[in-house]
Amino acid sequence: VEPGSGVEEKGEIYGDGGGVIVRDVTPTAADGTTATFRQTFRDLGDGRFETTLMRKTGDGWAPTFPGSERLTMVRRST
C-alpha cells in the first residue's frame, strides 16, 4: 500500500499446518471498494523459498499477475 493513497489494509498471518505460512489481506480503497489477496511462503530447505501472490475471484484464487502463482526467492549471504 502506497503512503497517501488512502488505502487501508487488514489481514492475518497464520501457518496452514503443512509448513506453509499464509498471509491473507483485504485492502480497502479510499472509495470503499475491497479486494482479497493471499500470499504464501514455503521453505524449500536449501536457502530458497517459494511464494505465491494470488487474488480472490468469483471462481477461487487466481494469480495477481502472470507467474505469481509460483515465485522462488533465494537467500543471499550478506
Side-chain angles (χ1 to χ4, degrees):
V1 175
E2 294 294 322
S5 66
V7 175
E8 293 185 18
E9 191 175 270
K10 168 191 276 194
E12 62 181 350
I13 297 175
Y14 58 92
D16 76 349
V20 176
I21 303 299
V22 180
R23 177 179 176 255
D24 286 332
V25 177
T26 302
T28 302
D31 66 2
T33 58
T34 63
T36 302
F37 295 91
R38 173 171 285 169
Q39 183 173 16
T40 63
F41 302 90
R42 183 170 60 96
D43 185 357
L44 298 176
D46 60 357
R48 297 179 306 141
F49 287 83
E50 183 176 88
T51 186
T52 64
L53 299 167
M54 309 292 279
R55 61 183 165 78
K56 192 168 190 176
T57 69
D59 297 324
W61 294 99
T64 301
F65 56 86
S68 70
E69 70 276 15
R70 188 174 182 150
L71 301 167
T72 303
M73 300 185 301
V74 178
R75 184 175 302 183
R76 298 181 189 262
S77 60
T78 56

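- In the hydrophobic clustering of this structure, Leu71 does not group with Ile21; members are Ile, Leu, Val, Met, Phe, Trp, Tyr whose side-chain heavy atoms approach within less than 4.5 Å, directly or through other members.
- A donor-acceptor contact under 3.5 angstrom links the side chains of Thr33 and Asp31, judged on distance only.
- Nearest heavy-atom pair across Asp43 and Arg48 is OD1-O, 3.5 Å.
- Using a 4.5 Å heavy-atom cutoff, the side chains of Phe41 and Glu50 are not in contact.
- Contact detail for Phe37 and Trp61: the closest heavy-atom pair is C-CZ3, 3.9 Å.
- For the pair Arg55 and Pro63, the tightest heavy-atom approach, listed with the atom from each and the gap, is NE-O, 3.6 Å.
- Counting heavy atoms from C-beta on, the side chains of Val25 and Thr36 never come closer than 4.5 Å.
- In plain terms, the two heavy atoms of Pro27 and Ala35 that are nearest each other are CD-O, 3.1 Å.
- One finds the CZ atom of Arg75 at 11.0 Å from the CG atom of Leu44 (value rounded to the nearest 0.5 Å).
- From Met54, atom CE reaches atom CG of Asp24 across 12.0 Å, with rounding to the nearest 0.5 Å.
- Thr40 is linked by a side-chain contact (heavy atoms from CB on, under 4.5 Å) to Val20, Val22, Arg38, Thr52, counting only residues two or more places apart in sequence or in another chain.
- The distance from the NZ atom of Lys56 to the OG1 atom of Thr64 is 13.5 Å, given to the nearest 0.5 Å.
- The hydrophobic cluster analysis finds Val74 isolated: no Ile, Leu, Val, Met, Phe, Trp or Tyr side chain comes under 4.5 Å of it, directly or through other members.
- When all heavy atoms of Gly19 and Asp16 are compared, the pair lying nearest together is N-OD1, 3.4 Å.
- Here the straight-line distance linking atom CE of Met73 with atom OG1 of Thr51 works out to 5.0 Å at 0.5 Å rounding.
- Here Glu8 contributes atom CD and Thr28 contributes atom OG1; the two are 7.0 Å apart, rounded to the nearest 0.5 Å.
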